[in-house]
There are 2 protein chains.
Amino acid sequence: MDPTQGPPRPTSPTIYDVAKACGVAPSTVSRAFSRPGRVNAETAERIRKVAAELGYRTNPLARGLPTGKTSLLALIVADVTNPFFFQIIRGAEQVARKAGYTMLVADVEESMETEREALDRVIPLVEGIVLATSRLSDSSIRVAAKQRPTVVLNRVMTDIPSVVTDNARGMRRAVEHLVELGHTTIMYVAGPEASWVDGMRWRSLREATYELELRPRRIGPFPPTVDGGLAAARAFGDSPTSAVIVYNDLMAIGMMRGLTEMGTRIPEDVSVVGFDNIFGSDFCTPPLTTVAAPLHNLGAFAIKTLLGRLGTDTPRTLRPALLPSQLIVRGSTARRH
Amino acid sequence: MDPTQGPPRPTSPTIYDVAKACGVAPSTVSRAFSRPGRVNAETAERIRKVAAELGYRTNPLARGLPTGKTSLLALIVADVTNPFFFQIIRGAEQVARKAGYTMLVADVEESMETEREALDRVIPLVEGIVLATSRLSDSSIRVAAKQRPTVVLNRVMTDIPSVVTDNARGMRRAVEHLVELGHTTIMYVAGPEASWVDGMRWRSLREATYELELRPRRIGPFPPTVDGGLAAARAFGDSPTSAVIVYNDLMAIGMMRGLTEMGTRIPEDVSVVGFDNIFGSDFCTPPLTTVAAPLHNLGAFAIKTLLGRLGTDTPRTLRPALLPSQLIVRGSTARRH
DNA sequence: TTGAAAGCGCTAACAG
DNA sequence: CTGTTAGCGCTTTCAA
């Protein structure tokens with residue numbers, strides 16, 4: 001090995017250095033760190049002390065080679081730029097960190113292609129994977145899951161642990177809220193067609209309205225962005241209702257802006273409900289009534305689930321974990337005029 | 001090694017498998033992937049074909065051990081939850097990915113302690129580090145930089161490559177804009193005291209106002225959050241001016257809300273300018289006039305700089321890279337009444 | 001409880 | 001251009 005080739009940085013001490021300084025065998029040093037029980041208490045203490053003095057840190061890479069335990073977890077997100085994911089990432093990181101894992105966050109920019117590449121790059125590195133709002137097909141996900149324990153977030157699969165928001169309950173609460181305000185016809189403004197969540201929300205709305213004897217309506221699909229909401233506002237003009245429930249907050253914000261520009265007053269003319277309670281939904285105008293997703297908890301719970309799967313090879317429970325959402329009433333909904 | 005211990009997953013093929021299947025030596029397979037030039041074209045072709053059939057992927061971990069080249073880069077961000085970082089992360093990831101690197105994003109939740117831990121965990125894994133808005137002391141940063149090539153983002157250091165927004169120019173443009181609108185006294189609403197950027201912005205404001213013969217004023221410090229802005233609005237009530245420039249958009253949004261609640265009209269009574277152009281600054285009320293930071297480019301450029309430093313041991317240029325910002329005029333500023 | 005030795009998958013010198 | 005041979009730093013049998 002050419003020493004001028006490798007990293008020219010001051011090479012950090014290894015177990016060999018510590019072993020020499022302690023007068024014990026390298027394997028003992030290794031044991032002192034990886035299974036402290038299997039080494040004489042005093043010796044272990046001495047080793048730890050010397051190691052600290054030398055500034056020894058076990059090299060996770062080297063440890064990973066023989067054991068496969070890299071202490072790395074992957075979180076693949078559809079779009080780091082989408083505020084929906086901020087709290088998810090943080091929740092995930094917190095739990096991972098506490099468990100001694102480092103998280104590798106990969107942004108796939110909503111592209112299936114990029115997601116597959118990210119997976120390829122990341123799989124050999126990590127012990128487990130969380131797919132947050134994956135754009136991959138079920139079968140692609142299964143392929144990945146065969147290589148590393150995998151948890152899907154925001155999507156339900158029957159053979160892979162899933163963590164999702166309880167959309168049905170959330171939708172139900174939103175509808176009840178609107179009914180209490182006197183609305184009788186509710187328009188659902190749909191998000192992307194391919195989205196599992198969109199399908200779920202629309203179905204939940206139909207069920208809720210059916211039970212409450214309301215008429216649901218629907219326009220869309222629209223892209224799940226502010227611009228998509230703008231487009232929805234224009235389409236909505238053709239057959240307005242007094243209340244709309246929008247696929248997500250981003251679209252709801254866009255739609256409110258579009259509506260306002262067209263002279264429609266919110267909430268006087270139209271009540272608007274969004275989904276997710278993302279950053280910004282409280283300071284748009286008017287502040288958005290929304291079904292808050294438990295974002296932080298979603299991320300945290302996904303990692304917890306993954307951590308639980310790490311040892312065992314057989315999935316525990318395959319019922320998707322349903323995390324409760326919460327209706328947050330703000331200024332965009334009001335009594336029907 | 002206990003085979004029941006390691007990852008129970010289907011162990012992927014190694015160079016040995018490929019070598020056997022090809023009837024060549026393992027080292028040849030290795031060469032075929034790491035330095036294709038050094039192996040017979042046909043042989044290389046054959047190896048690649050067989051490797052593809054077997055589904056062979058070179059194990060980055062194993063490769064990293066002897067070479068130190070892990071193809072991993074770390075991006076340490078002060079707060080993943082802050083929209084300021086979204087585009088930075090994306091820009092960084094894009095560049096890293098194109099260069100064949102995987103990015104490890106660590107959230108330190110604005111905590112010095114957490115940041116140091118994150119560094120410790122990450123350093124042995126990665127080839128280089130970008131510190132985005134580090135909360136560490138200069139000397140702590142130097143310690144890290146001694147171990148791995150390091151670039152600091154949003155902060156200037158004389159001995160470490162730095163990438164920052166050209167705050168002086170941006171501030172100058174903001175002040176000129178306000179002057180054109182007839183404002184003569186400008187209040188700076190300060191962010192966190194410890195922040196290098198805050199100091200820079202205040203200094204730039206003083207310089208700009210000096211040249212233009214205006215009176216600058218200042219309140220603060222406040223936390224760089226919506227709530228901090230709310231607090232600033234209350235403090236501002238004591239000695240109002242017709243125009244304020246706020247440390248960042250988050251605070252500006254909070255301040256506008258606070259002002260509005262107190263009955264102050266924006267922009268009629270007070271013109272407000274923010275900094276950064278984060279997500280949401282376009283849909284708050286009124287839409288915020290702001291000095292847009294080149295967020296995406298900041299992240300991209302930092303990684304490019306890091307990539308450039310990777311080979312060489314001596315830093316190239318130590319003049320901080322100043323990336324241009326841009327004034328975006330929206331509804332929160334108007335002619336003085 | 002400890003030491004010796006083999007090996008994780010890959011790379012890089014050194015001969016041939 | 002290719003095979004052989006040492007390792008990278010750590011873990012884990014296997015003996016002692």
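These figures come from a predicted structure and were not determined experimentally. Numbered from 1 within each chain, the chains take letters A, B, ... in sequence-line order.
- Residue contacts for A:V24: at a heavy-atom cut-off of 4.0 Å it reaches the sugar-phosphate backbone alone, with no base atom in range.
- The only member of A:R309, A:R148, A:R63, A:K69 that meets salt bridge (Lys or Arg N to Asp or Glu O under 4.0 Å) when paired with A:E127 is A:K69.
- In this structure, A:K69 atom NZ and C:dC8 atom P are separated by 18 Å, rounded to whole Å.
- Protein atom CD1 of B:I123 is 17 Å distant from nucleotide atom P of D:dG9, rounded to whole Å.
- Distance, B:I47 CD1 to D:dC1 C1': 11 Å, rounded to whole Å.
- Residue-to-nucleotide contacts include no donor-acceptor pair under 3.5 Å from the side chain of A:R57 to the base of D:dG9.
- A:S27 comes within contact range of at least one nucleobase, with a heavy-atom separation under 4.0 Å.
- Defined by atom type and a distance below 3.5 Å, a donor-acceptor pair is present between the side-chain atoms of A:R116 and A:S140.
- Direction of the helix axis in the helix from C:dT1-D:dA16 to C:dG16-D:dC1 shifts by 40° between the two five-pair termini, rounded to 10°.
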Item to complete: Show your reasoning for whether side-chain contact (heavy atoms from CB on, under 4.5 Å) applies to A:I303 and A:M103.
Response: CA-CA 10 Å; A:I303 295 285; A:M103 246 186 41; 3.9 Å; yes
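- With sequence neighbours left out, the salt bridge (charged side-chain N to carboxylate O under 4.0 Å, His left out) criterion links A:E110 to A:R135.
- With a 4.5 Å cut-off on side-chain heavy atoms, A:I141 and A:R155 count as touching.
- A salt bridge links A:K49 to A:E53: one of the charged nitrogens lies within less than 4.0 Å of a carboxylate oxygen.
- In this structure the side chain of A:L136 reaches within 4.5 angstrom of the side chain of A:L119, judged on heavy atoms.
- Residue B:R38 has no polar side-chain atom (N or O) positioned under 4.0 Å from OP1 or OP2 of D:dC1.
- The residue B:Y16 sits close to a base: some heavy atom pair falls under 4.0 Å.
- One finds no side-chain N or O of A:R35 lying less than 4.0 angstrom from the OP1 or OP2 phosphate oxygen of D:dT11.
- Regarding A:F33, its CZ atom lies at a distance of 17 Å from the C1' atom of D:dT12, rounded to whole Å.
- Checking the phosphate oxygens (OP1, OP2) of D:dC10, no side-chain nitrogen or oxygen of A:S30 falls inside 4.0 Å.
- Atoms CD1 (A:I15) and P (D:dG9) sit 10 Å apart, rounded to a whole Å.
- We find that CG of B:L65 is positioned 14 Å from C1' of D:dA6, with the value rounded to whole Å.
- In terms of phosphate contacts, A:T43 brings a side-chain nitrogen or oxygen within less than 4.0 Å of OP1 or OP2 of C:dT2.
- Taking only side-chain nitrogens and oxygens, B:T28 comes nearer than 4.0 Å to OP1 or OP2 of D:dG3.
- The distance between atom CG of A:L61 and atom C1' of D:dT11, rounded to the nearest whole Å, is 15 Å.
- Within 6.0 Å of CZ in B:R142 there are more than 12 heavy atoms belonging to other residues, nucleotides or ligands.
- Toward the 5' end of DNA chain C, the nearer of the two residues B:N59 and A:A25, judged by each one's closest nucleotide, is A:A25.
- Computed from coordinates, the A:N40 CG to C:dG3 P distance equals 11 Å when rounded to whole Å.
- Nearest-nucleotide assignment on DNA chain C puts the 5′-proximal partner with B:Y56, out of B:Y56 and B:R31.
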